Amino acid sequence: LSSGTTMDPLSQSWHLFLDWFENISLLVVLIFLYNYIPDRFFIHRDRIYSVFVGLIFTFAAIMGIFIPWGGTSHPSIGINGVLVPLAGLVGGPISAAIITVTLVLSRLPLNFVGIDLSDTLIIIIAGIIGALFYLARERKILRLAPITELIILSSLFACITGIVLTCNPVRDQNVPPGAQILSVPVIEVAVIIFFGLILLGSVIRAIDRKRDDEYELVAYKEHLEALVQERTAALERTNSLQEATIESTTDGIIVTGLHGEVTGYNSAGASVLGIVDKKCESNQIPDIYSLVCSQVHKPDNLLQCQEKLAD
């Protein structure tokens with residue numbers, strides 16, 4: 001992206017568009033990998049989850065080193081200015097430490113000469129800010145809506161980035177004398193970081209909400225299934241106790257519905273009904289009222305009582 005001739009504004013815009021198209025492809029890969037963090041780690045949000053987040057964001061940041069945001073004297077700030085604070089916000093101090101240390105070490109030359117302190121300082125500040133926002137949210141210090149939290153984080157880090165870049169202008173040591181570099185104002189860098197953080201952060205939050213809702217639905221379903229099994233077992237115990245109680249008496253007990261249909265009986269009651277097989281179908285059992293009417297002196301009174309009960 002450096003040449004010995006001055007580039008017109010149209011060419012500058014085209015190169016910036018290509019740079020950000022490549023970086024957006026990295027963000028798509030990051031979102032894809034984040035969405036497939038194993039559920040057992042995602043649900044609990046423990047240290048292993050933070051390590052997963054740190055490694056995923058670090059992978060995207062390392063790929064961003066090979067696809068740098070060219071055209072400025074600070075080519076490493078583009079995609080990393082979004083990834084580093086967001087890694088801290090999502091995964092906490094562990095994620096922030098993983099990506100920050102990796103990026104800082106990757107920027108150290110072998111002879112420790114020509115280190116761009118402003119870019120390194122921005123990366124470190126980004127990790128610290130993201131981790132602090134994470135701790136403030138987890139410890140209930142900040143009770144903000146997710147979008148409000150993202151806006152505050154984006155605004156704060158964009159302002160800090162603009163101040164650091166303004167106070168520490170650095171020229172790329174690899175550019176030959178007299179070569180022209182695509183100049184992007186500091187304000188544009190800050191604006192891109194601001195909107196990049198909000199957009200990518202919103203996507204990550206949407207994934208979190210979706211997976212949390214799915215987990216709650218599965219947990220609620222499992223809870224209902226456990227309740228059904230518990231109630232079924234309790235009903236079976238009650239029926240067993242009732243059946244044992246009825247069978248323990250020597251008196252004939254016959255349970256009927258309002259219309260005379262037999263719904264239950266004990267062994268003594270089965271002998272009254274003339275039932276030999278306890279497993280016979282209900283349509284094979286004689287009408288209890290007809291059976292009793294044949295054995296009483298005033299069957300009409302019995303039938304009237306049955307009609308009153310039915311009403």
Side-chain angles (χ1 to χ4, degrees), residues 27 30-31 33-35 37-61 64 76-104 118-167 186 189-216:
L27 299 182
L30 181 147
I31 293 170
L33 294 176
Y34 180 80
N35 192 42
I37 293 178
D39 290 337
R40 62 181 180 273
F41 302 133
F42 183 88
I43 292 170
H44 299 291
R45 306 289 211 282
D46 53 9
R47 294 181 180 179
I48 300 180
Y49 165 79
S50 297
V51 171
F52 266 101
V53 173
L55 293 177
I56 291 173
F57 277 77
T58 300
F59 171 77
S76 65
I77 298 302
I79 189 69
N80 295 334
V82 175
L83 295 178
V84 178
L86 197 56
L89 179 65
V90 174
I94 295 178
S95 302
I98 291 174
I99 188 171
T100 301
V101 171
T102 302
L103 290 178
V104 171
S118 61
D119 287 8
T120 303
L121 179 61
I122 290 174
I123 292 173
I124 295 175
I125 293 175
I128 294 175
I129 291 178
L132 289 177
F133 269 77
Y134 172 88
L135 293 175
R137 182 183 70 244
E138 293 299 314
R139 297 181 181 181
K140 310 300 182 182
I141 298 175
L142 290 179
R143 300 178 181 270
L144 303 173
I147 186 62
T148 305
E149 183 182 53
L150 283 173
I151 292 175
I152 295 176
L153 172 64
S154 304
S155 302
L156 179 61
F157 182 61
C159 292
I160 293 176
T161 301
I163 293 173
V164 173
L165 294 182
T166 302
C167 297
V186 171
V189 176
V191 169
I192 291 176
I193 289 177
F194 173 80
F195 285 105
L197 273 171
I198 292 179
L199 292 177
L200 182 58
S202 299
V203 173
I204 295 295
R205 292 297 189 192
I207 294 175
D208 290 345
R209 287 195 302 270
K210 177 177 177 294
R211 296 188 66 177
D212 287 338
D213 291 342
E214 291 175 350
Y215 170 70
E216 290 180 0

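Small disclaimer: the values here were computed from a predicted structure and weren't measured.
- With sequence neighbours excluded, no residue forms a side-chain hydrogen bond (donor to acceptor under 3.5 Å, both in side chains) with Asn35.
- Between the Ser95 side chain and the Ser50 main chain, a donor and an acceptor come within less than 3.5 Å of each other.
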Leu89 and Ile204: side-chain contact (heavy atoms from CB on, under 4.5 Å), yes or no, with the steps? CA-CA 11 Å; Leu89 179 65; Ile204 295 295; over 6 Å; no
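- Shown here are the side-chain hydrogen bond (donor to acceptor under 3.5 Å, both in side chains) partners of Glu138, two or more places apart in sequence or in another chain: there are none.
- For Tyr34, there are no ring pair (Phe, Tyr, Trp, His ring centres under 6.0 Å) partners two or more places apart in sequence or in a different chain.
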Name the atoms and distances for all side-chain donor-acceptor pairs under 3.5 Å in residues 139-147, with sequence neighbours left out.
none

Quick one: side chains of residues 97-104, donor-acceptor pairs under 3.5 Å with protein atoms, not counting sequence neighbours, listed by atom name and distance.
{"residue": "Thr100", "atom": "OG1", "partner": "Ala96", "partner atom": "O", "Å": "2.6"}
{"residue": "Thr102", "atom": "OG1", "partner": "Ile98", "partner atom": "O", "Å": "2.7"}

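- The closest side-chain heavy-atom distance from Thr166 to Ile163 is not below 4.5 Å.
- Taking the side-chain contact (heavy atoms from CB on, under 4.5 Å) definition, one finds that Phe59 meets it with Val29, Leu33, Met63, sequence neighbours left out.
- Listed by first and then second residue, the salt bridge (charged side-chain N to carboxylate O under 4.0 Å, His left out) pairs that reach into residues 197-208 are Glu149-Arg205, sequence neighbours excluded.
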One pair to check against side-chain contact (heavy atoms from CB on, under 4.5 Å): Ile122 and Leu165. What are the steps and the verdict? CA-CA 9 Å; Ile122 290 174; Leu165 294 182; 3.5 Å; yes
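- Note that CG of Leu83 and CG of Leu197 are 9.0 Å apart. Values are rounded to the nearest 0.5 Å.
- One finds the OH atom of Tyr215 at 10.0 Å from the CG atom of Asp39 (value rounded to the nearest 0.5 Å).
- Taken from CG in Leu199 to CG in Leu27, the straight-line distance is 9.5 Å, to the nearest 0.5 Å.
- Residues forming a ring pair (Phe, Tyr, Trp, His ring centres under 6.0 Å) with Phe195 (at least two apart in sequence, or on another chain): none.
- Expressed to the nearest 0.5 Å, how far CD1 of Ile198 lies from CG of Leu86 amounts to 11.5 Å.
- Screening residues 150-164 for salt bridge (charged side-chain N to carboxylate O under 4.0 Å, His left out) gives no qualifying pairs among residues at least two apart or on separate chains.
- Among residues two or more places apart in sequence or in another chain, the side-chain hydrogen bond (donor to acceptor under 3.5 Å, both in side chains) test is passed with Asp212 by Arg45.
- Judged as a side-chain contact (heavy atoms from CB on, under 4.5 Å), and not counting sequence neighbours, the contacts of Arg47 are Ile94.
- Ile129 pairs by the side-chain contact (heavy atoms from CB on, under 4.5 Å) definition with Ile125, Phe133, Leu153, Leu156, Phe157, Ile160, not counting sequence neighbours.
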